Amino acid sequence: MTADKVYNISVSHHYFRLTTESIRLTSNKHCSYYSLSDVINERADRANDLIDSYDSEDMRQHLRIIPSDGEVGIEFTILTTNAASIETAALALGEALGQTILFKDAISLMMFDLIVERNATEVLTKLGLTASEADAYRVSLKKKHSNVIPIRP
């Protein structure tokens, strides 16, 4: 049996709103009520993929716009294995971004990823794709880093 780890953190008002939007989007996706703990546990495996999915400057911009530190208290409990994965990802993200990334910063970036993913899916469903088709197509929409610089004619 995997143990759980309880977190009590203080976050900004914008961060708090990011958590509630993440809960709403995940609940609607699964047609079931989700908690913040559920969202984090479900998204933990994405934490290590963030570096390859987004430009470093886009992630730094997210952290500037939605600061992690604040006065709003939140509490959640997640699996210890997921906590370890997120902590490992935070270290790698810190190296990639050239700044210290705290545990709650890594969670913020995971929720950023969720918002991007769900908004892309919602746009695609408006184009007439089914939700499962939109989810499958959305994977191909992520920008990857490229060393190729286009030459203008």
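Values in this document were obtained by computation on a predicted structure and should not be read as measured data.
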All side chain to side chain contact (heavy atoms under 4.5 Å, CB included) counterparts of Asp45, not counting sequence neighbours: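 Listed in chain order: nothing, the list is empty.
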For Thr77, all residues meeting side chain to side chain contact (heavy atoms under 4.5 Å, CB included), sequence neighbours excluded: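 For Thr77, the residues satisfying side chain to side chain contact (heavy atoms under 4.5 Å, CB included) (neighbours in sequence not counted) are Asp4, Val6, Ser37.
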Check against side-chain contact (heavy atoms from CB on, under 4.5 Å), Asp113 and Asp49: CA-CA 10 Å; Asp113 178 54; Asp49 297 333; over 6 Å; no
Donor on one side chain, acceptor on other, Ser53 and Arg46, under 3.5 Å: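 Ser53 vs Arg46: donor-acceptor pair found between side chains.
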Do [X] and [Y] make a side-chain contact, defined as non-hydrogen atoms from C-beta onward lying under 4.5 Å apart?
{"X": "Ile107", "Y": "Ile40", "answer": "yes"}
{"X": "Lys29", "Y": "Tyr34", "answer": "no"}
{"X": "Phe112", "Y": "Leu50", "answer": "no"}
{"X": "Asp38", "Y": "Ser35", "answer": "yes"}
{"X": "His62", "Y": "Leu18", "answer": "yes"}

For Glu75, all residues meeting salt bridge (Lys or Arg N to Asp or Glu O under 4.0 Å), sequence neighbours excluded: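 Result, salt bridge (Lys or Arg N to Asp or Glu O under 4.0 Å) vs Glu75: none returned.
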Atom [atom1] in [X], atom [atom2] in [Y]: separation rounded to 0.5 Å?
{"X": "Leu25", "Y": "Thr20", "atom1": "CG", "atom2": "OG1", "result": "9.5 Å"}
{"X": "Glu42", "Y": "Met110", "atom1": "CD", "atom2": "CE", "result": "10.0 Å"}
{"X": "Arg43", "Y": "Leu109", "atom1": "CZ", "atom2": "CG", "result": "12.0 Å"}
{"X": "Met111", "Y": "Ile66", "atom1": "CE", "atom2": "CD1", "result": "8.5 Å"}

Test ring-ring contact (aromatic ring centres under 6.0 Å, His included) applied to Phe16 - qualifying residues, sequence neighbours left out: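 If we apply the ring-ring contact (aromatic ring centres under 6.0 Å, His included) test to Phe16, skipping adjacent residues, there are no hits.
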Under 3.5 Å donor-acceptor, Asn41 side chain and Leu79 backbone: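 Side chain of Asn41 to backbone of Leu79, a donor-acceptor pair under 3.5 Å: yes, one is there.
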Would you be so kind as to tabulate the donor-acceptor pairs closer than 3.5 Å made by side chains of residues 93-103, with sequence neighbours excluded?
none

Let me have the donor-acceptor pairs involving side chains of residues 67-74, under 3.5 Å, with sequence neighbours excluded, atom names and distances please.
residue: Ser68; atom: OG; partner: Asp105; partner atom: OD1; Å: 2.4
residue: Asp69; atom: OD1; partner: Lys104; partner atom: NZ; Å: 2.9

Nearest heavy atoms of Val39 and Ile23, plus distance in Å: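 Smallest interatomic distance, heavy atoms only, reads CG2-CA, 3.9 Å.
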Shortest non-hydrogen contact from His14 toward Ile65: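 What the structure gives for the nearest pair is CD2-O, 4.1 Å.
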Linked, directly or transitively: Leu91 and Ile78 (ILVMFWY side chains, under 4.5 Å):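 As far as the 4.5 Å side-chain criterion goes, Ile78 and Leu91 are not connected within one cluster.
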Aromatic plane relationship, Tyr7 with Phe76 - under 30° parallel, 30 to 60° tilted, over 60° perpendicular: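 Ring orientation of Phe76 relative to Tyr7: parallel.
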